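Accompanying notes for the structure given below.
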Amino acid sequence: MDKAFSPADIEPRIYRNWEASGYFAPSEHGPVYSIVIPPPNVTGTLHMGHAFQDTIMDALIRYHRMRGFDTLWQPGTDHAGIATQMVVERQLNAEGKKRVDIGRDAFVARVWQWKETSGGIIKNQMRRLGASVDWQRDMFTMDPALSQTVTEVFVRLYEQGLIYRGKRLVNWDPVLKTAVSDLEVVAEEESGSLWHLRYPLSDAEGFLVVATTRPETMLGDAAVAVHPDDERYRHLIGRKVRLPLAGRELPIIADAYVDPTFGSGCVKITPAHDFNDYEVGLRHKLPLINIMTLDASLNDNVPIAYRGLDRAAARARIVADLDALGLIERIEPHKLTVPRGDRSNAVLEPLLTDQWFVDIKPLAAPAIRAVEEGRVRFVPDNWSGVYFEWMHKIKDWCISRQLWWGHRIPAWYDPDGRWYVARSEAQARAVHGIDAAIPLRQDSDVLDTWFSSALWPFSTLGWPERTRALQTYYPTTVLVTGFDIIFFWVARMIMMGLKFTADVPFRAVYIHGLIRDQDGQKMSKTKGNVIDPLDIVDGISLEALLAKRTSGLMQPQMRTAIEKDTRRQFPQGIAAYGTDALRLCFARLATQSRDLRFDMARVEEYRNFCNKLWNAARYVLMNVEGQDVQMQGAEFSLADRWIQSRLAAMLARIESGFTDYRLDNVANALYEFTWHEFCDWYLELSKAVLQSESATAAGKLGARFTLISTLEKLLRALHPLAPFITEEIWQRVRLSAAAPGETIMRAAYPAAADVQTDAQAEPEMRWVMDFILGVRQIRGEMDIAPSRRLDVLLQNASPKDIEYLGRNLHYLSRLAGIEPPRVLAPGHTAPISAVALLGSLEILVPMAGLIEPTAELERLAKRLRKAELDLQKLDAKLSNGQFARNAPPDIVFKDQQRVAELRTEIGQLSAQTARVTKLKDQ
RNA sequence: GCGCGCUUAGCUCAGCGGUAGAGCAUCACCUUGACAUGGUGGGGGUCAGUGGUUCGAUCCCACUAGCGCGCACCA
């Protein structure tokens, strides 16, 4: 084995072998454990969030696979309607072409082509990350089978009256020229103005003042509303005002929606361009006057002077004209929330259009119940609150999009505009008896991408067919996703799953946090702070990283800042850390926090960890290779029994970590055991046996057996988080360890219950360790060279101390660097020494020629201060009668014991201080 | 406005009724035969603030402050 671990040489080779060997496929026996992947955008690339999420899922899958579950990790990609269409459209624009120029069919063909060329990128990234998905079952949301499922669901919902079509006010994106759902609207506070306009009364002198943030919509006004109880205006209700510029008459109506304390207490009502006004309009049967075109210019429903102006120009013109007529009372600065499209960032326009909707309430009710009854469990649980809040006030879902890329809506129109929803044109004709001579035209809209996503857990498993996969792996065990798509995706999957399979789509939803950069910023292309996970795996130079981050910027002015930041954060670029280090780092990051700060120092920490493991394996192999290592005839030492016991403790921690979806705890348990127990202690202790002339062959065999078997179990325990290095080492140790099987992937996960905990070894080992630590502390603080062997005296030794000492001299000698200690008889005066306390035992290191009395006095004073402080606190506690009366007896007992210990310690330290002081004064 | 988080060592974060933890950073020593991507030892915290519950609060409750997020918004 090389002296240092180098991941680049082994990872791709190992993955190819796994995949070729078919290890990722479900075993088809044992209890079921299944996960469907949240499908990434087929034409996208994996970002840190994906890599994080994939690590979690892969760890869960590998763990359960090793524990004998029939595991399916269902992979796939999403067609991502708007996002993908925008990408291809931009490509076209770069060639000087436009979507409309080449036409729908050519455009869609082009998107498919782009999907073919770029679709492989993400899958290769997943392979590099070690994702053990069942590639044989790879799916795409627009595969023929899945598209058919989408149609089937649409038709069934329509037939049951749960999908309807109608002219409604929707959020319209005038740049993308499509409707979007409420969820795709981001509301941001911006500075604007509040215009106070004068609307003259029709039948009298004077006017009403209305305030508006959008004066251009006045041409679509249908009324002016006041509060029914507003004394100022009560007499005007039912009368009329004349709409300036247009000249129409508007009724003055009363509606409780109006807040009499805001502005003048009069509101212009524009039902076709405002959601609240739309509701008011419905209540008062007001006309819907649509004044805008699909690109948000004024249409022919406005006076000729304003036609064709876009909304900004129209606003300027209307304000100027009103001003000229003296109809502007005042303009004041005003903060308002502006709705923008989450993709285009364009200001959205509430616009009356024909759209398809899902009547969502009937679907929401059972979905709410499923979570209430615990059939779907959110982890952490507080996210169920977020879910309920949204579900209880859910509004109908606008599912039609005026795009070209996506699932076409299965509705056909006859020349009279009647529509027929069916699985195909032929079925539409057959069912509705439409003659072949009558032309039918399919609806040109496509469905919201999230419509097909909502079906993902069952569409990928073959629904509506009752396939074996569907019957076996549905409901899936757990959904792993981020909180940002609870509404978009999680809720809708629950609704659709319950509707079409009569069961929940998953039993648990594990909601993880969002990966942010080291400054806590959300990672985005615009900010130029994204990191490609593979650049951490393979490394990247500063130049290449800069080029990546600054190419194709939407906002070129950001370039300088991005460059500066990148140079600051990664002055040397990024080193190649390997997949395992990255994955371990992700696991450790997976706390329940909602914001997870990614820090390269953490990856480095785990790169070092991998190297540590690698070298531990080298040491183990060095000692077992060429040896006949078996349990028979072996004699197990204290250290051997102790490390087994610690292994059992670690495995128990891991088991609860997986049960609780706390991979951070899993990672920590593995790290602490591997580094601080196996390497720091056990390997060193084993040297005391293996490198000793006097150790017995049986003892050496025990150490060798323990080394190899512990390492082998540790590798299996680590495998779900660090698949590559564990496989690589495992292949090298499996023969010596007599491990069955040909891959660690399919080896059994070590169970805590199968490893011996040892109630005797633990305290004795604790004594050995504390002894060693005591001597080392004196060494460290007194600057005694490690090479200098020490003579040590023991005072006040109990029979137990003597017993332990007798059994463990070899450990003490090796790890503390001492000669066999001399046990002083009671009352025997010791030479002046530095002291370490182990319970009541005093470990004495004679100072002569080694230790400065002043230094030792400082050391003693420090210990004494600490002990006295602790004692003081405990004394106060124990002398409080309430404590003794109310606290549980075991706590009181523990504290009393501690007090006794502290008293002894203080006595010893004081006596020692006196002795050293005396020496110093001589 | 309603709701939800967060505030613990210089940094990033665990912990959560009974003596404050990790990694990194820092200081000192160490080219020891697995590993300098290392070893050994040390220093470093009134657990945001105030009040309450309790024998006991970093942990539970209330309020306050700061930061962040979600939802809904008065034209």
Side-chain angles (χ1 to χ4, degrees), chain A residues 1 3-5 187 189 194-195 210-214 217 225 257-270 274-277 280 334 336-337 382-383 385-386 389-390 393 483-484 486-487 514 518 520 575 577 581 588-589 591-599 601-602 604-623 662 664-665 668 671-672 675-676 679-680 683-684 687 691 773 776-787 815 817 862 866 869-870 873-874 877-878 880-888 890-892 894-895 898 902:
Chain A
M1 285 174 84
K3 199 170 168 184
F5 170 57
E189 185 164 274
L194 191 60
W195 284 268
V210 298
T212 179
T213 54
R214 306 204 49 204
T217 64
Y257 155 70
V258 179
D259 174 1
T261 65
F262 186 89
S264 62
C266 301
V267 188
K268 65 193 262 316
I269 300 297
T270 322
D274 181 280
F275 288 101
N276 287 312
D277 292 6
V280 176
H334 186 72
L336 71 163
T337 42
N382 57 312
W383 292 109
V386 175
E389 196 192 319
W390 187 68
K393 53 183 182 190
F483 57 82
D484 48 334
I486 290 178
F487 307 147
L514 192 73
Q518 62 187 32
Y577 293 107
R588 186 154 189 181
L589 217 49
T591 64
Q592 298 208 332
S593 207
R594 69 166 67 177
D595 296 317
L596 310 173
R597 248 182 238 218
F598 181 82
D599 193 335
R602 281 261 163 132
E604 191 170 331
E605 179 188 330
Y606 275 103
R607 190 268 316 257
N608 296 351
F609 173 82
C610 288
N611 192 57
K612 188 81 177 171
L613 178 70
W614 181 259
N615 278 288
R618 280 179 66 208
Y619 168 78
V620 173
L621 280 171
M622 213 172 76
N623 281 288
R662 288 299 302 268
D664 55 329
N665 292 345
N668 282 330
Y671 186 98
E672 283 159 21
W675 202 304
H676 298 308
C679 290
D680 284 354
L683 294 194
E684 296 307 319
K687 290 173 187 172
Q691 295 171 18
L773 290 172
R776 279 181 182 168
Q777 192 172 50
I778 292 174
R779 238 182 224 290
E781 291 187 33
M782 297 300 137
D783 264 352
I784 302 170
S787 52
L815 273 74
K862 200 171 68 187
K866 173 89 172 76
L869 206 69
D870 286 357
K873 275 194 278 191
L874 274 175
K877 197 162 145 189
L878 282 164
N880 180 347
Q882 301 271 37
F883 174 71
R885 241 172 294 132
N886 294 311
D890 59 314
I891 295 288
V892 178
K894 226 176 84 185
D895 282 352
R898 180 74 187 132
L902 282 169

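Numbers restart at 1 for each chain; the letters A, B, ... are given by sequence-line order, proteins then strands. All values reported here derive from a predicted model rather than from experimental measurement.
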Worksheet item: So what does A/Lys862 touch, heavy atoms closer than 4.0 Å: a base, only the sugar-phosphate, or nothing?
Response: sugar-phosphate
Worksheet item: So what's B/rG21 paired with, Watson-Crick or G-U wobble, going by both distances under 3.5 Å?
Response: B/rC13
Worksheet item: Under 4.0 Å between a side-chain N or O of A/Lys612 and OP1 or OP2 of B/rG39?
Response: yes
Discussion item. Categorize A/Val258 for me: base, sugar-phosphate, or nothing, with a 4.0 angstrom heavy-atom threshold over every strand shown.
Written reply: base
Item to complete: Would you indicate what A/Arg898 reaches in the nucleic acid, counting non-hydrogen atoms under 4.0 angstrom: base, sugar-phosphate, or nothing?
Response: base
Worksheet item: Does A/Arg602 have a side-chain nitrogen or oxygen under 4.0 Å from the phosphate oxygens OP1 or OP2 of B/rC24?
Response: no
Item to complete: Look at A/Thr591 and B/rC13 and indicate whether a side-chain polar atom (N or O) is within less than 4.0 Å of OP1 or OP2.
Response: no
Discussion item. Suppose we call a contact any N or O donor and acceptor under 3.5 Å apart; does that hold for the side chain of A/Gln691 and the base of B/rG33?
Written reply: yes
Worksheet item: If you check every side-chain atom of A/Ala601, which of B/rC24, B/rG42, B/rA34 has the closest atom?
Response: B/rC24
Item to complete: May I ask you to verify if any side-chain N or O of A/Arg597 is less than 4.0 angstrom from the OP1 or OP2 atom of B/rU12?
Response: yes
Discussion item. How many whole angstroms separate atom CG of A/Leu514 from atom P of B/rC4?
Written reply: 21 Å
Item to complete: Scan every strand shown for a Watson-Crick or G-U wobble partner of B/rC69, both distances under 3.5 Å, and answer none if you come up empty.
Response: B/rG3
Worksheet item: So what does A/Arg885 hit on the nucleic acid, given a heavy-atom distance under 4.0 Å: a base, only sugar-phosphate, or nothing?
Response: nothing
Worksheet item: Looking only at side-chain N and O atoms, does A/His676 come under 4.0 Å of OP1 or OP2 in B/rG23?
Response: yes
Discussion item. Distance check needed: B/rG41 P versus A/Asp680 CG, whole Å only.
Written reply: 9 Å
Discussion item. Should the side chain of A/Lys3 and the base of B/rA36 be counted as holding a donor-acceptor pair, with the cut-off at 3.5 Å?
Written reply: no
